[in-house]
There are 2 protein chains.
Amino acid sequence: MSTNNQIKVDPRIKRTKRMFKEALISLLEENYDRSKLTVQSIADRAELNRATFYLHYRDIEDLMEQMINEVLDEMYQTINPLSQDNLSLGKASLISFLEHIYQHAGLFNVMLENKDFRKRVFSMLLEIVSLWREERKVKGRSFQVSNEIIASSTLGIVTWWIQEGTPYSPSYLANQIIKMV
Amino acid sequence: MSTNNQIKVDPRIKRTKRMFKEALISLLEENYDRSKLTVQSIADRAELNRATFYLHYRDIEDLMEQMINEVLDEMYQTINPLSQDNLSLGKASLISFLEHIYQHAGLFNVMLENKDFRKRVFSMLLEIVSLWREERKVKGRSFQVSNEIIASSTLGIVTWWIQEGTPYSPSYLANQIIKMV
DNA sequence: CAATTAATCGACAAAGTGTCAATTAGATAA
DNA sequence: TTATCTAATTGACACTTTGTCGATTAATTG
């Protein structure tokens with residue numbers, strides 16, 4: 001699923017791709033006028049040639065997509081419940097999830113505008129919520145509210161939290177979310 | 001705040017602007033490739049001349065903005081609690097809000113991708129939630145969870161609901177939301 | 001060092017943008 | 001109905017952006 005499977009990749013390519021990614025992020029983070037977000041502006045910021053961009057990406061969308069895949073792969077490993085052990089797996093996953101976002105708040109604030117990214121974060125949340133509620137055996141109480149509703153409301157909260165500059169700590173927010181369920 | 005304040009507006013202008021708006025919506029609703037969404041493609045769909053577009057709008061963003069303003073003005077009137085009377089104002093507003101979205105699901109599904117639109121819908125929800133919780137005097141219980149958290153989670157739920165093709169009825173969803181609080 | 005391949009550069013056609021003056025056609029009021 | 005406004009159309013313009021080339025320079029690896 002990921003790129004970078006053991007095969008050695010030319011350090012020039014690594015560097016170049018990193019430069020383009022950093023360039024795009026920095027432009028997006030400073031609310032760069034979207035209508036002026038051109039391949040040329042990204043190449044300028046990366047201090048690379050415009051033609052080099054097309055050596056690696058089809059267009060700006062493609063660059064964005066690749067970045068999203070990398071970010072999500074990384075996050076998915078972070079919240080992987082196999083890494084945690086005793087205590088509530090669901091809650092632990094939620095806190096890991098929020099902490100990971102907290103560490104990369106700027107990036108996530110930008111990424112969450114992307115519809116595909118939101119969809120995939122939603123899927124992750126759905127997994128976490130299902131896990132947590134299975135443990136709690138809320139199933140016995142016939143699931144008054146569906147997992148989808150919990151997951152989507154959590155995504156709403158996270159979106160707001162990031163946009164407001166992460167006003168609460170990840171663990172406090174996790175508690176607020178859990179309290180709400 | 002709105003346009004159209006009593007002054008008679010040339011019917012040709014009304015018609016033309018309506019055509020452009022309908023054209024943009026129809027293109028967006030059929031998931032028209034965003035990178036091919038040009039002024040020309042909108043003018044083609046509207047069966048109007050490209051130059052005519054510039055007679056009314058600065059660019060595509062401007063058209064989008066004007067559409068958002070109209071949709072939000074309309075929605076704001078719909079949920080205006082002054083129009084409702086007895087019973088819980090907050091709950092009535094929430095149901096009106098959801099019903100209005102339900103009636104224009106296709107349009108909202110497209111609009112909710114817009115950051116500015118989301119921000120303004122959030123503000124409306126914050127008003128509704130504040131109103132509802134004031135009535136309930138949840139304040140006495142020291143607001144375990146803030147209004148912002150409720151509003152943002154509601155926005156998350158609504159976004160999911162629309163994206164999934166409004167699987168529940170507005171009143172059922174309103175109950176689920178209220179139950180969660 | 002030599003072989004390989006990434007990055008740069010200049011150039012190109014194609015498409016999109018925003019604006020314009022001149023013209024056509026529709027709305028409105030006398 | 002006719003005369004007057006003014007919206008819409010049309011073709012054209014300079015300009016920007018896109019995506020792709022072949023030729024060249026520079027970095028990596030064995």
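Here is the naming used below: chain letters follow the sequence lines, and residue numbers restart at 1 for every chain.
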Would you indicate, yes or no, if [N] has its OP1 or OP2 atom less than 4.0 angstrom from a side-chain nitrogen or oxygen of [X]?
{"X": "B:Asn49", "N": "D:dA8", "result": "no"}
{"X": "A:His56", "N": "C:dA6", "result": "no"}
{"X": "A:Tyr54", "N": "D:dG19", "result": "yes"}

So, does the side chain of A:Arg50 form a donor-acceptor pair with the base of D:dG19 at under 3.5 Å?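 When only heavy-atom distances are counted, A:Arg50 does reach the base of D:dG19 through a donor-acceptor pair under 3.5 Å.
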Is it the case that C:dA27 (base atoms only) and B:Arg12 (side chain only) share a donor and an acceptor within less than 3.5 Å, ignoring hydrogens and angles?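 Result: no qualifying N/O pair found.
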Verify the neighbour count for atom OH of B:Tyr76: are there more than 12 heavy atoms of other residues, nucleotides or ligands below 6.0 Å? no
More than 12 heavy atoms from other groups under 6.0 Å of CD on A:Glu22: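 Count over threshold, so yes.
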Nearest-angstrom distance from the residue atom [atom1] of [X] to [atom2] of [N]:
{"X": "A:Tyr57", "N": "D:dT20", "atom1": "OH", "atom2": "C1'", "answer": "19 Å"}
{"X": "B:Ile13", "N": "C:dA25", "atom1": "CD1", "atom2": "C1'", "answer": "15 Å"}
{"X": "B:Met19", "N": "C:dG26", "atom1": "CE", "atom2": "P", "answer": "13 Å"}
{"X": "B:Leu48", "N": "D:dT10", "atom1": "CG", "atom2": "P", "answer": "10 Å"}
{"X": "B:Arg58", "N": "C:dT17", "atom1": "CZ", "atom2": "P", "answer": "14 Å"}
{"X": "A:Leu37", "N": "D:dT16", "atom1": "CG", "atom2": "P", "answer": "18 Å"}
{"X": "B:Gln40", "N": "D:dT9", "atom1": "CD", "atom2": "C1'", "answer": "13 Å"}
{"X": "A:Glu61", "N": "D:dT18", "atom1": "CD", "atom2": "C1'", "answer": "15 Å"}

Please work out whether the ring planes of B:Tyr168 and B:Trp160 are parallel, tilted or perpendicular, with thresholds of 30° and 60°.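 Plane angle between 30° and 60°, so tilted.
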Does the plane of the ring in A:His100 sit parallel, tilted or perpendicular to the ring in A:Phe108? Use 30° and 60° as the thresholds. perpendicular
Proximity to the side chain of [X] - top-ranked nucleotide from [options]:
{"X": "B:Leu55", "options": "C:dA7, D:dA8, C:dC9", "answer": "D:dA8"}
{"X": "B:Asp10", "options": "D:dA7, D:dT10, D:dC21", "answer": "D:dA7"}
{"X": "A:Thr16", "options": "D:dT9, C:dT8, C:dA7", "answer": "C:dA7"}
{"X": "A:Thr52", "options": "D:dT9, D:dG19, C:dT8", "answer": "C:dT8"}

For a side chain to side chain donor-acceptor pair (under 3.5 Å) check, start with the C-alpha distance between A:Gln66 and A:Lys17, then their side-chain angles and the critical distance, and finish with the verdict. CA-CA 10 Å; A:Gln66 290 192 28; A:Lys17 294 190 98 173; 3.1 Å; yes
Please figure out whether A:Glu47 or B:Pro11 has its closest DNA chain C nucleotide nearer the 5' end.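 Its nearest nucleotide being more 5', the pick is A:Glu47.
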Go nucleotide by nucleotide along DNA chain D from the 5' end; which of A:Ala51 and A:Lys36 gets its closest nucleotide reached first?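 Result: A:Lys36.
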Classify the nucleic acid contact of A:Thr38 as base, sugar-phosphate or nothing, counting any heavy atom under 4.0 Å across all strands shown. sugar-phosphate
